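Comments concern the structure below.
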Amino acid sequence: MNELRLFFSYAVQHKYSYLLGIVCLFITNLLAVTIPVYLGESIDLLGDSGGEDYDLLIEKIYWVIAFALCVLVTRTASRMLFFNPGRLVEKEFKNDAFKILTQSQQSFYRLNPVGGLISIVNNDINGIRAMAGVGMMNVFNIFFTLSMTPIKMWQISPSLMLYCLAPVLVAFLIVNYAIATMRKLLSQRMRHLQTLSSQTVNFLNGVEVIKSSGIQSWALNKFNQSNEDILDVSLKQLRIRTFIMPILEFTEAALKIIILGVGGWYLVQSELSLGDITAFLAYATLLAMPFMSLGRLISTVQMGLVSLKSMGRILNQVIVDENTLSEEEKSSFKQEALFSKGLQVRNLNFKYPTSSESSDKKTSNEEGLNEGQHKNEFALKNISFDIKPGEKIAILGRVGSGKSTLVNCLNRFYDVPENSIFIDGFDVSKLSRQQLRSAIRTITQEPFLFSDTLESNIKFGSSHSETPLSMEEVLQQSAMAKEVTTFPEGTQTLVGEKGILLSGGQKQRISLARGMYTPAKLMVLDNVLSAVDNETERFLLDQIFNHIQAESCLIVSHRQAVLEKVDKILLLEDGEITASGSHDELLKTSSLYRDTWQFLQTGALEEGNNND
């Protein structure tokens with residue numbers, strides 16, 4: 001029922017097109033059942049030896065031709081009126097699915113692989129389109145045919161009509177059983193397609209690892225196995241189709257045999273005329289067609305329901321991103337002045353939701369696993385600190401201490417408990433994500449570049465800013481100016497999918513340039529200098545501390561140069577802040593910080609922590 005409600009919420013938007021299509025189908029079927037009457041009467045007129053009814057015969061032939069032409073027009077119109085909404089429903093489903101996917105949080109993507117989502121939007125949507133187009137048309141076409149044709153047959157000969165129903169019902173029962181099996185196979189095929197799509201995306205993303213490890217044969221075997229699963233299910237579907245179609249064709253032939261046999265006997269007994277037999281033969285074809293269509297309709301509806309169930313995984317998400325402040329708070333809230341008092345974190349406790357919680361919050365988060373956190377344990381415990389306008393703060397901690405988790409809570413990549421994080425005194429859980437992220441900009445440790453030009457990647461998301469830097473300035477600040485001059489087309493050079501044509505350091509600096517391009521209230525830099533050399537690091541840190549267009553900075557880093565320059569350092573250990581203060585203060589008060597500092601100086605502490 002949930003799937004049908006979802007379907008009709010889209011189909012009802014095209015109700016006028018469907019209504020006109022229904023009218024055309026009614027006219028089509030009305031004319032179709034009228035034509036055999038005129039054919040039968042024409043045959044009877046031909047049997048008259050006198051020939052005095054020749055003019056009447058010609059008139060009936062003209063009526064048959066006129067009706068046939070009208071059927072051609074109305075049938076074509078009905079198909080257009082049903083098929084066009086089918087395509088429009090497909091488009092609307094895809095648009096809404098993509099819109100929701102762009103608003104979904106990290107937890108959703110950790111539960112739903114991207115490859116599977118691509119398969120749903122590109123493959124499973126075909127079932128919905130068929131259900132909205134040919135499926136809807138067949139529902140009304142079958143209804144009109146099965147309500148009009150038996151009436152006409154009954155009017156000619158009730159007993160002969162009952163004889164005709166027997167093979168039709170037997171064929172329908174067989175077909176219905178086969179279609180039920182088809183539905184199970186269809187569900188399996190869709191799951192296999194989603195698995196294959198996910199595997200393809202994963203293998204192509206990790207193609208360099210596969211080649212360097214020499215495991216191409218392993219990847220090929222995995223791909224072949226998934227492909228074989230699809231082939232096996234597809235062949236089973238094909239066998240059923242191959243068995244069903246001859247039965248349906250045999251049904252029509254059986255009807256004609258019954259009409260010629262039983263009807264011939266009635267003709268000999270003068271209970272029926274030759275024209276009645278002719279009309280019955282025409283009605284037999286009309287009666288067999290809806291049963292054939294009924295089999296396809298059941299298949300279409302079942303495929304559509306399976307597709308709707310898959311699409312519902314995307315569309316049934318509850319995406320809430322609005323300002324829920326009280327009226328009093330809204331009256332004092334000013335977006336342009338946000339972060340005038342800074343950010344406050346008070347007793348933040350966070351754990352990764354379990355699978356029994358809402359789909360928008362549940363996650364088997366990779367970072368949580370890397371951090372050694374069980375799903376029922378807190379990843380962050382009693383976190384409290386302030387970031388004031390103009391401050392530069394660093395977060396330091398071992399692998400798995402919770403640094404990236406904290407960053408993802410600050411920008412609400414994860415939903416946080418109420419009354420835990422405030423910006424200018426406003427609870428961030430009551431602000432829309434758009435409002436929050438317009439003030440807090442995060443540059444992650446894993447830069448993502450679109451398959452576009454270098455300039456477009458830097459300008460991405462800056463269309464609403466009134467005071468961006470010039471392209472020359474931002475390239476200079478991100479230490480990319482000299483390298484861009486060596487690119488074949490300068491800033492118009494295509495960087496390839498995910499920036500594949502660039503080095504790791506170049507991708508990090510372009511990502512940094514994107515963050516520097518427009519002003520921000522709070523810039524969060526999550527270990528963004530891990531892939532640059534020491535000289536470039538010193539230059540970038542000078543730009544970050546002295547020239548960046550951000551009022552405040554929160555930097556996750558193990559770099560000595562960062563720790564020496566920031567106003568305050570938060571030392572994180574097992575999800576808790578064990579010490580905070582300036583570099584000099586922590587050297588005096590924290591043994592853990594002193595040990596860490598010694599490790600940094602001797603190079604014993606690993607940097608470039610990609611799992612945190």
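Bear in mind the structure is a predicted one, so any value in this text is a computation, not a measurement. Count residues from 1 along the sequence.
Judged by distance alone, the side chain of Q506 and the main-chain N or O of S503 form a donor-acceptor pair under 3.5 Å. A side-chain donor-acceptor contact under 3.5 Å links T493 to the backbone of E489. Side-chain N or O atoms of R412 include none that pairs as donor or acceptor with a backbone N or O of L436 at under 3.5 Å. When atom types are taken as modelled, the side chain of D124 and the backbone of V306 share no donor-acceptor pair closer than 3.5 angstrom.
Going from atom CD1 of I120 over to atom CG of L315 covers 9.5 Å, rounded to the nearest 0.5 Å. To the nearest 0.5 angstrom, L469 atom CG is 9.0 Å from M516 atom CE.
Comment: R538 does not engage E535 in a salt bridge, judged by the lack of any side-chain N to carboxylate O separation of less than 4.0 angstrom. Between E377 and K351, no side-chain nitrogen of the basic residue sits less than 4.0 Å from a carboxylate oxygen of the acidic one, so the salt-bridge criterion is not met. One finds a salt bridge joining E483 and R509 here, because a Lys/Arg side-chain nitrogen approaches an Asp/Glu carboxylate oxygen to under 4.0 Å. For the pair K91 and D96, the salt-bridge criterion is not met [side-chain N within less than 4.0 Å of a carboxylate O].
For the side-chain hydrogen bond (donor to acceptor under 3.5 Å, both in side chains) test with D386, the passing option among K341, K568, R346 is R346; the others fail. Evaluated for a side-chain contact (heavy atoms from CB on, under 4.5 Å) with I555, the options I544, I395, L563, V524 yield exactly one hit, I544. Of the residues L494, L449, L501, L475, the one that meets the side-chain contact (heavy atoms from CB on, under 4.5 Å) test with L454 is L475.
Annotation: K222, atom NZ; neighbour count of heavy atoms from other residues, nucleotides and ligands within 6.0 Å does not exceed 12. Within 6.0 Å of atom CZ in F448, more than 12 heavy atoms from other residues, nucleotides or ligands are found, so the atom counts as buried in its surroundings. Around atom CD1 of I500, no more than 12 heavy atoms belonging to other residues, nucleotides or ligands sit under 6.0 Å away. Around NZ of K388, the count of heavy atoms belonging to other residues, nucleotides or ligands within 6.0 Å does not exceed 12. In this structure, K309 places its NZ atom where only 12 or fewer heavy-atom neighbours from other residues, nucleotides or ligands lie under 6.0 Å away.
Checked against the 6.0 Å centroid threshold, F203 and F223 do not count as a close aromatic pair.
A donor-acceptor pair shorter than 3.5 Å can be found between the side chains of Q225 and D229. Side chains of S404 and D526: a donor-acceptor N/O pair is present below 3.5 angstrom, by distance only. Defined by atom type and a distance below 3.5 Å, a donor-acceptor pair is missing between the side-chain atoms of S478 and Q543. A donor atom on one side chain and an acceptor atom on the other are found under 3.5 Å apart for T442 and N411. Residues S310 and S307 bring no donor and acceptor atom of their side chains to less than 3.5 Å of each other. Using modelled atom types and a 3.5 Å distance limit, the side chains of E391 and S552 yield no donor-acceptor pair. Defined by atom type and a distance below 3.5 Å, a donor-acceptor pair is missing between the side-chain atoms of D584 and S582.
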Given side chain to side chain donor-acceptor pair (under 3.5 Å), test E473 with S470 step by step and report yes or no. CA-CA 5 Å; E473 288 175 317; S470 67; 3.2 Å; yes
Test log, rule side chain to side chain donor-acceptor pair (under 3.5 Å), inputs T195 and S198: CA-CA 5 Å; T195 300; S198 297; over 6 Å; no
Could you walk me through whether N347 and S384 pass side-chain contact (heavy atoms from CB on, under 4.5 Å), step by step? CA-CA 5 Å; N347 300 317; S384 296; 3.5 Å; yes
Could you go step by step and tell me if V566 and I393 meet the side-chain contact (heavy atoms from CB on, under 4.5 Å) rule? CA-CA 5 Å; V566 295; I393 294 180; 5.8 Å; no
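Considering only heavy atoms from C-beta on, L380 comes within 4.5 Å of L406 through its side chain. Two residues are said to be in side-chain contact when any heavy atoms from C-beta on lie closer than 4.5 Å; I128 and Y10 fail this criterion. Using a 4.5 Å heavy-atom threshold, the side chains of L101 and L117 count as touching.
Under the 30°/60° scheme for interplanar angles, the aromatic rings of Y414 and F350 are found to lie parallel.
Applying the side-chain contact (heavy atoms from CB on, under 4.5 Å) test to E564 and every residue at least two apart in sequence or in another chain returns H583, W597.
Listed here is the closest heavy atom pair of V474 and A513: CG2-O, 3.2 Å.
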